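What you see is a predicted model; the values in this text were computed from it and never measured. Both counts, for ligands and for their atoms, begin at 1 and track the order of listing.
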Amino acid sequence: MFATVTRSEGALLSTHTSIDADTVWELVVARAAQTPDFILITDENDRTLTCAQYRHAAERAAAGFYAEGVRPGDTVAWQLPTWIETIVLLGALARLGVRQVPVLPVYRDRELGFCLVQTGASLLCVPATWRGVDYAAMAARVAEALPGLEVRVCDRSLPDGDPATLPAPPAADTTRDVRWIYYTSGTTADPKGAQHTDHSSIAAGKAFCVRQHVRFADRFGMAFPFTHVGGLNNLLAGLREGMGLVCVEAFDPAMSAAVFTKNHVTLVGGAPAFYLSFIELQRKNPGVSVLPEVRFMSGGGAPMPPEMHLEVKREIGGLGIGHGWGMTESCITAINDPTDTDEHLMYTSGRAVLGMEIKAVLPDGSTAAAGVDGEMRVRGDSVMVGYLDPALNADAFDADGWFRTGDIGHLDVDGYVVITGRMKDIIIRKGENISAKEIEDLLYAHPKVIDAAVIGLPDRDRGEMVCAVVECRDGNDPLTEAELAQYCNDAQIMRQKIPERLEVVDTLPRNATGKILKHELRARYSARP
Ligand code: AMP
């Protein structure tokens, strides 16, 4: 159940220490100095980069970009798959002191154009084509309307130059200088650009390591797109502790599990959609764990049905799931300690991580007591310095600098976070608030159901009606309305909460990080009574 530590890694264990650094580049340099031969990155094609090779490759690419005119303080966007070269590009741009705008590969002309206009990026790096999408053509279309923008096709290749030509790494005010602009992953109409500093990003990586006992020679299976803020946070965690990253350019459960197993992955996850994929894969392969060395799964980004933790523990093995609560704006905000009780791992998102404070606030502005739901607000090291669009900031922060997350939840008496819904994700039926999550958790536990989303649909009599959209295990034997009603009655939930409409779908629409796109479901079913 535990990681295989090679002999050379074993020797390093005695000298290894966690690295605290002020900037991302300093972290790269310090890690390369401490464990030069440790394999930092591996991909599905068995390509690897040690810590020293990573530093070297990043410096050469930085010199290449410099020769092409990229300067400290420029803004560079990159819309690239999870390739080793992408991670090197991040290091190269960090070396140069560039403001980076990682863009999810699922973004198309509209969203990509929005990010580029808003950030005023001078360079966009894309693959030529990837998974059937012509990114070079899309970039060219978008660039036509943006005269200041250059496009560079970086197809598993980066510019190369002599590191001796580089200027010194620029000094930075690490808590103020914006080095990262991450766009939220698209559950709202327009993406919002969250501005992070090296300080906020490094703090998130450290907090994750501390809470989840990340240790030298752990290996993290990166199933989600590296362009998500979690990609940077996990890389920084890896640089801090000497945790290897095992990457796959696109997620496929069976292929990813095979690559992770081959490379002795000890931590995996990302979000509930990924936990679920591995659980389903395990069920198709009974008897042998599909992730035999994984100590626990780790992630956040969406509500998790409590049962999932037990399913992972029972069926895949290890400690289960150390789920957390986080967002693009504040990175990992709370996360479970995987050695905690099942009760905590199932029903909570853990306690606030190192450097972060969390409170639930009532509509009158007062702080809610333990166990009482309110709007969750957060403050601390990993919170962004603000949105790029200043107009959004007045509402985003309260007078005392707490970020209003828009999530509803509470802290229990021991300070564990319980997210019960989203401000916008409650169903108001006949004036009564109904938590979508409560019904989703219940439906998830139904034997015929793989996953479920519960939404409110406009209704003349009730204001909103409760609609359940479910993905079923067997398309030939889907959940029926009668079974749903019976099941909910047996669970003894309030009659008002029982879904009044049931839609069975082949697959729920999800964004790149696996979050169910409820706005799409609302639009789909509001239009079709
Ligand atoms: P994003 O910035 O796109 O990663 O989305 C962040 C949002 O995902 C949060 O504001 C929550 O609404 C949701 N989310 C993240 N973690 C959890 C969690 N543990 N439970 C419920 N919702 C979550």
Side-chain angles (χ1 to χ4, degrees), residues 102-104 106-107 111 180-196 200 204 208 211 224-225 227-234 269-276 297-306 308-309 321-336 344-353 356 358 360 373 375-378 382-384 387 392 396 402-412 416-426 435-441 444 451 453-454 510-519:
V103 180
L104 291 165
V106 288
Y107 277 20
E111 298 90 0
W180 311 93
I181 301 171
Y182 278 93
Y183 279 85
T184 54
S185 37
T187 51
T188 51
D190 269 332
K192 294 187 207 169
Q195 304 180 103
H196 280 285
S200 60
F208 159 66
R211 175 59 51 77
F224 58 88
T227 39
H228 187 268
V229 72
L232 171 65
N233 297 155
N234 280 307
F274 297 98
Y275 315 147
L276 182 59
M297 292 197 185
S298 164
M304 178 189 90
M308 255 188 203
H309 159 68
I321 303 173
H323 193 57
W325 174 61
M327 60 214 76
T328 309
E329 293 89 338
S330 61
C331 309
I332 303 157
T333 306
I335 197 162
N336 265 299
H344 284 120
L345 299 182
M346 288 171 76
Y347 295 105
T348 81
S349 296
R351 284 168 293 128
V353 295
M356 294 293 275
I358 302 175
D373 269 4
E375 183 201 5
M376 301 301 272
R377 295 191 191 172
V378 304
S382 316
V383 179
M384 63 170 180
Y387 290 115
L392 298 173
W402 292 80
F403 173 62
R404 302 169 196 262
T405 66
D407 288 327
I408 299 173
H410 59 261
L411 295 166
D412 73 9
Y416 286 78
V417 169
V418 178
I419 301 297
T420 52
R422 230 5 254 139
M423 303 265 271
K424 282 167 260 143
D425 193 25
I426 48 172
S435 150
K437 176 162 167 42
E438 182 189 352
I439 311 169
E440 285 160 5
D441 287 351
Y444 179 81
D451 209 354
V454 171
R510 294 176 184 278
N511 71 10
T513 49
K515 220 187 296 284
I516 296 174
L517 296 173
K518 289 198 171 181
H519 67 280

Asks: Using a 4.0 Å heavy-atom cut-off, which part of Asp407 comes near ligand 1: side chain, backbone, both, or neither?
Replies: side chain

Asks: Side chain, backbone, both or neither: which applies to Met304 and ligand 1 if a contact is any heavy-atom pair less than 4.0 Å apart?
Replies: neither

Asks: Between His323 and ligand 1, does any nitrogen or oxygen pair lie at a separation below 3.5 Å?
Replies: yes

Asks: Give the single entry among Met376, Glu329, Lys515 that approaches atom 7 (C) of ligand 1 most closely by any heavy atom.
Replies: Lys515

Asks: Compare every heavy atom of Met346 with every heavy atom of His309, then report the nearest pair and how far apart it is.
Replies: CD2-CG, 3.5 Å

Asks: If you measure from each non-hydrogen atom of His228 to ligand 1, which part falls under 4.0 Å: side chain, backbone, both or neither?
Replies: side chain

Asks: Test side chain to side chain donor-acceptor pair (under 3.5 Å) on His410 and Asp373; report intermediate values, then the result.
Replies: CA-CA 5 Å; His410 59 261; Asp373 269 4; 2.7 Å; yes

Asks: Which is it for Pro303 and ligand 1 at heavy atoms under 4.0 Å: side chain, backbone, both or neither?
Replies: both

Asks: Which class fits the ring pair His228 and Phe224: parallel under 30°, tilted 30 to 60°, perpendicular over 60°?
Replies: perpendicular

Asks: Residues in ring pair (Phe, Tyr, Trp, His ring centres under 6.0 Å) with Phe403, at least two apart?
Replies: Phe397

Asks: Return the minimal non-hydrogen interatomic distance between Cys331 and Val229, and the atom names on each side.
Replies: SG-CG2, 4.1 Å

Asks: On a heavy-atom basis, I'd like to know which of Ala271, Gly406, Ala302 is closest to atom 23 (C) of ligand 1.
Replies: Ala302

Asks: Are Ala194 and ligand 1 in contact, using a heavy-atom cut-off of under 4.0 Å?
Replies: no

Asks: Write down the atom of Ser349, the atom of Ile419, and the distance for their closest heavy-atom approach.
Replies: OG-CG1, 4.4 Å

Asks: Could you work out, for atom 15 (C) of ligand 1, the closest of Pro191, Gly301, Cys331 by heavy-atom distance?
Replies: Gly301

Asks: Please enumerate all residues that pass ring pair (Phe, Tyr, Trp, His ring centres under 6.0 Å) together with His344, with sequence neighbours excluded.
Replies: Tyr416

Asks: So, is Thr184 polar-close to ligand 1, with some N/O to N/O distance under 3.5 Å?
Replies: no

Asks: Which heavy-atom pair separates Glu375 from Arg404 by the least distance, and what is that distance?
Replies: OE2-CB, 2.9 Å

Asks: Is Gly324 close to ligand 1, meaning an N/O of one under 3.5 Å from an N/O of the other?
Replies: yes

